[in-house]
Engineer: 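Dumping the structure here so I can ask a few things about it.
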Amino acid sequence: MTTIQQPADSDARPSSGLSDRLRHVFQLPAPAVVWEFCILLGVSLFLLCFGLSPLTGGDRLGLVGADEPRYAQIAREMLASHEEACAAAHTSMWPGSLRPADIEAAYHCILGGTVTPVLYGQPWLEKPALYYWRAMGFFKEFGVSDWSARLPSTSGAFALIFLIYLHMKRFRPGGQLDAALITASSLAIIAFARGASTDMQLAAPFCIGMLGWYAWYETGKKFWLFDLYFFGAAATLAKGPVAPFLALAIISLFLGLRREWSALRRTIWVPGIILYLVMVLPWYIAVQKRNPTFYRSFFLEHNLERFATNRYQHHQPFWYYLAVLILGLMPWTVVSIRALFSALQVCLAEWRVRKDPKRYLGHSRAGDAFPEFLVLWALFPILFFSFSGSKLPGYILPSIPPITILTGDYLNRIRRRGLTNSLLWSHAIVCAVLVFVLVLAPQHMKYETLVPSALWLVCAGVAAVTMGAVVLFMTRRWGTTQMTNATLIPVVATLIFLLGFYGKELDLNYSARPLANEIARQAPGVEVVALQNVKRDMDYGLAFYRNRPTVHYPVDGVPQGEHLLVLRANDTETLDRYLAGRIYKPLFLYESQGLEIYRVYANDATASALPASTAELAAGPIR
């Protein structure tokens, strides 16, 4: 029987065949893949970069805490030393020719300022140099600023999100976009991706390396082991031996439970070991040669003692990381915990089956290993650091990506049957609570009260109910496939609200940048700033934004020359103790952080007329 084709069909089919052939010849991705990639790129850039830099909504929040300005200042001083070394050698890091003299000059340029981390001219050996090197590169490219100091973490998180997408697309197709977007929108990733710190420098390469190892475990191709050793070396240069320890412990535990010890032996890959040592050893050897106390200070004090004792005053209860995990996974906490328990159920079923001598007939490897690997990867750092004497939120950041990957995979597996009503309602409520708390956050910062005004309570309640209803309606109406998109709405909305409308309030309450700018405006000629009874956050922050160390009366003495004094408001005890007989006046009140700034005039002819005790106090050196 002859079939007569309609003209419209004859036009469409050759076109479709031609496009397929063109994509095959030029290896072009399918339109759906391009669309996924564009969504991932746009959403990730917004979540990680909005309000971060002048090009992405303005740098709304200055450096906060003690670590951010301190690490940024170290990178700045290392860059200055590096540039001086290169200028002295009259070369750059790339030799002008292959002559021995030019190569030697370039070598000295590379080493200049890049080996020993320095803070205020003194070695600072608490952390390895990876963050400082990356920050130096961004400083050189974009200039020294607080937002460029955060780009090492932002770019690391961005790479991690895309590697999760590519890995899931290769080994777990269907849930790749959800897993990547859930990772990008979790509170822990958003927060640490905006931090000028070493936490993301460890977590991102560590997680990429672990994904690479599992890719080798699935395929047997040695190429994937390159990821484990290369990114493992990067993580070691970020925070030290904790990276290889965690990787070895997780992999050994995983293979031990599956009784595949031969895979552990095959993981030891000589080219990978050589790559790891070539990347890691040169810096560790060089810094020890220049600083003979480095090994003792770094390995004993800042690794072993930090874990075993509370030397650095970071003690927290044993359950601390459970709370950190719940907050870090927001707004995905409920779904992520359900996904984690679902994966645990799969693991328990696998372990029960493996007790059967017959195992899986016809298969040498039992069941699906991916959930088991992710569960062990997620839980081991949490349990391990729960025994630490010092606890900080960033320690368990490597546990967040495996849980978000499990969450994306879980949503993909239940697409047809959908979420249960209880789980869906719980997720919507969590989204609503997140919105409610973050809408009220600026009021708490501004007025320092736990109970805001009735108007703001009503506004926060309306916003929370609206966002919760949006998540609930979209997921019920269009199914689990739209759950990630629905959840992104409150995340994006609160991010715009906090940084877009209240970024200035955050800056005033938590950063030293506004105070440094006001000091420069009201006392442009005064270079020395002293602090007394002020938090370390403000201490390191002012030092970074003014690019000079601050003075501390009890340690450095009272400067003879004119200077500014920053202290807590109404701290008259400091004024009476250190400035008796000196001429000073209040300059301005920095009310948002409860500080008062005084201008202390030079102690010239008046010093001889002071009582002996007061003169001695006033005679301290300038730091």
Side-chain angles (χ1 to χ4, degrees), residues 63 66-94 103-141 144 148-149 151-153 156 196-202 205 233-244 276-306 311-312 536 539-540 543-544 547-550 555 623:
L63 300 177
D67 287 342
E68 279 201 291
R70 180 172 57 195
Y71 293 154
Q73 181 64 23
I74 292 171
R76 167 194 268 164
E77 293 188 28
M78 290 177 70
L79 177 61
S81 299
H82 172 69
E83 291 180 338
E84 288 176 5
C86 293
H90 305 290
T91 186
S92 65
M93 291 191 295
W94 296 102
I103 294 176
E104 183 180 2
Y107 173 74
H108 288 298
C109 171
I110 292 173
L111 291 184
T114 60
V115 175
T116 302
V118 291
L119 179 64
Y120 313 140
Q122 300 299 318
W124 186 271
L125 305 175
E126 287 191 7
K127 297 291 188 295
L130 180 65
Y131 168 78
Y132 310 131
W133 292 338
R134 300 193 67 217
M136 288 167 64
F138 284 113
F139 283 169
K140 198 165 185 177
E141 192 69 27
V144 177
S148 57
L151 288 180
S153 295
S197 68
T198 58
D199 295 301
M200 188 60 74
Q201 312 307 306
L202 167 69
T236 306
L237 288 170
K239 269 204 168 183
V242 67
Y276 180 88
L277 295 178
V278 166
M279 290 180 62
V280 169
L281 286 184
W283 180 79
Y284 278 90
I285 293 173
V287 73
Q288 171 64 21
K289 288 181 66 176
R290 298 192 180 191
N291 306 273
T293 63
F294 169 72
Y295 286 166
R296 178 185 58 81
S297 172
F298 178 69
F299 290 106
L300 294 181
E301 296 179 11
H302 294 289
N303 282 272
L304 296 179
E305 286 189 29
R306 186 181 290 270
R311 174 175 179 172
Y312 297 95
R536 294 193 313 155
D539 189 351
Y540 287 115
F544 172 76
N547 193 22
R548 58 184 303 123
T550 56
V555 178
R623 187 179 178 184

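Scope of the values below: all heavy atoms of this structure, side chains included, with no hydrogens, waters or symmetry mates.
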Engineer: Measuring from W133:CH2 to Q201:CD, what's the distance to the nearest 0.5 Å?
Structural biologist: 12.0 Å
Engineer: Indicate the atoms forming the closest heavy-atom contact of Y276 with P244, along with that distance.
Structural biologist: OH-CG, 3.5 Å
Engineer: Assess whether side chain to side chain contact (heavy atoms under 4.5 Å, CB included) is satisfied between S197 and Y71, documenting all intermediate values.
Structural biologist: CA-CA 7 Å; S197 68; Y71 293 154; 4.3 Å; yes
Engineer: Decide yes or no for E77 and Y120: does some side-chain heavy atom of the first lie under 4.5 Å from some side-chain heavy atom of the second?
Structural biologist: yes
Engineer: Which heavy atom in F298 sits nearest to a heavy atom in G240, and how many Å separate them?
Structural biologist: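 Looking at all heavy atoms of both residues, the closest pair is CZ-CA, 3.8 Å.
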Engineer: Could you tell me which non-hydrogen atom of A149 sits nearest to which non-hydrogen atom of A196, and how far apart they are?
Structural biologist: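 It is O-CB, 3.5 Å.
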Engineer: Nearest 0.5 Å please: distance from the CG atom of L277 over to the OG1 atom of T236.
Structural biologist: 10.0 Å
Engineer: Measure the CG-OG1 distance between L79 and T114 for me, rounded to the nearest 0.5 Å.
Structural biologist: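 Answer rounded to 0.5 Å: 11.0 Å.
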Engineer: Name all residues meeting the ring pair (Phe, Tyr, Trp, His ring centres under 6.0 Å) criterion together with F139; count only those two or more places apart in sequence or in a different chain, and write none if there are none.
Structural biologist: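 Ring pair (Phe, Tyr, Trp, His ring centres under 6.0 Å) check on F139 returns nothing, list empty.
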Engineer: Could you go through the side chain to side chain contact (heavy atoms under 4.5 Å, CB included) check for L111 and R290 one step at a time?
Structural biologist: CA-CA 12 Å; L111 291 184; R290 298 192 180 191; 3.9 Å; yes
Engineer: Let me see the working for D67 and R70 under salt bridge (charged side-chain N to carboxylate O under 4.0 Å, His left out), right down to the final yes or no.
Structural biologist: CA-CA 5 Å; D67 287 342; R70 180 172 57 195; 2.2 Å; yes
Engineer: Over 60° means perpendicular and under 30° means parallel, so tell me whether W124 and Y540 are parallel, tilted or perpendicular.
Structural biologist: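 Rings of W124 and Y540: perpendicular, over 60°.
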Engineer: Using the six-membered ring wherever Trp is involved, compare the ring planes of F294 and Y284 and label them parallel, tilted or perpendicular (cut-offs 30° and 60°).
Structural biologist: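 Geometry flag for Y284 against F294: tilted rings.
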Engineer: Return the minimal non-hydrogen interatomic distance between A238 and P128, and the atom names on each side.
Structural biologist: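 Heavy atoms of A238 and P128 come nearest at O-CD, 3.6 Å.
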Engineer: Under 3.5 Å, is there a donor on one side chain and an acceptor on the other for T116 and N291?
Structural biologist: yes
Engineer: Can you tell me if Y107 has over 12 outside heavy atoms packed within less than 6.0 Å of its OH?
Structural biologist: no
Engineer: Can you name the nearest heavy-atom pair linking K239 to T198, along with the distance?
Structural biologist: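 Between these two residues, the closest heavy atoms are CE-OG1, 3.0 Å.
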Engineer: Side chain of R134, backbone of P152: donor and acceptor closer than 3.5 Å?
Structural biologist: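 Side chain of R134 to backbone of P152: a pair is present.
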Engineer: Can a donor-acceptor pair be found between the side chains of R76 and Q73 at a distance below 3.5 Å?
Structural biologist: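 Indeed, the side chains of R76 and Q73 share at least one donor-acceptor pair under 3.5 Å.
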Engineer: In Å, rounded to the nearest 0.5 Å, how long is the span from CD of Q288 to CH2 of W283?
Structural biologist: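 Answer for the CD-CH2 pair, Q288 versus W283, is 10.0 Å.
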Engineer: Of all the heavy-atom pairs spanning P549 and A543, show the shortest one and how long it is.
Structural biologist: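 Closest approach of P549 to A543, heavy atoms only: CA-CB, 4.3 Å.
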Engineer: Which distance, rounded to the nearest 0.5 Å, do you find between the NZ of K127 and the CG of L202?
Structural biologist: 10.5 Å
Engineer: To the closest 0.5 Å, what do you measure between CD (E104) and SG (C109)?
Structural biologist: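 Here the rounded value is 13.0 Å.
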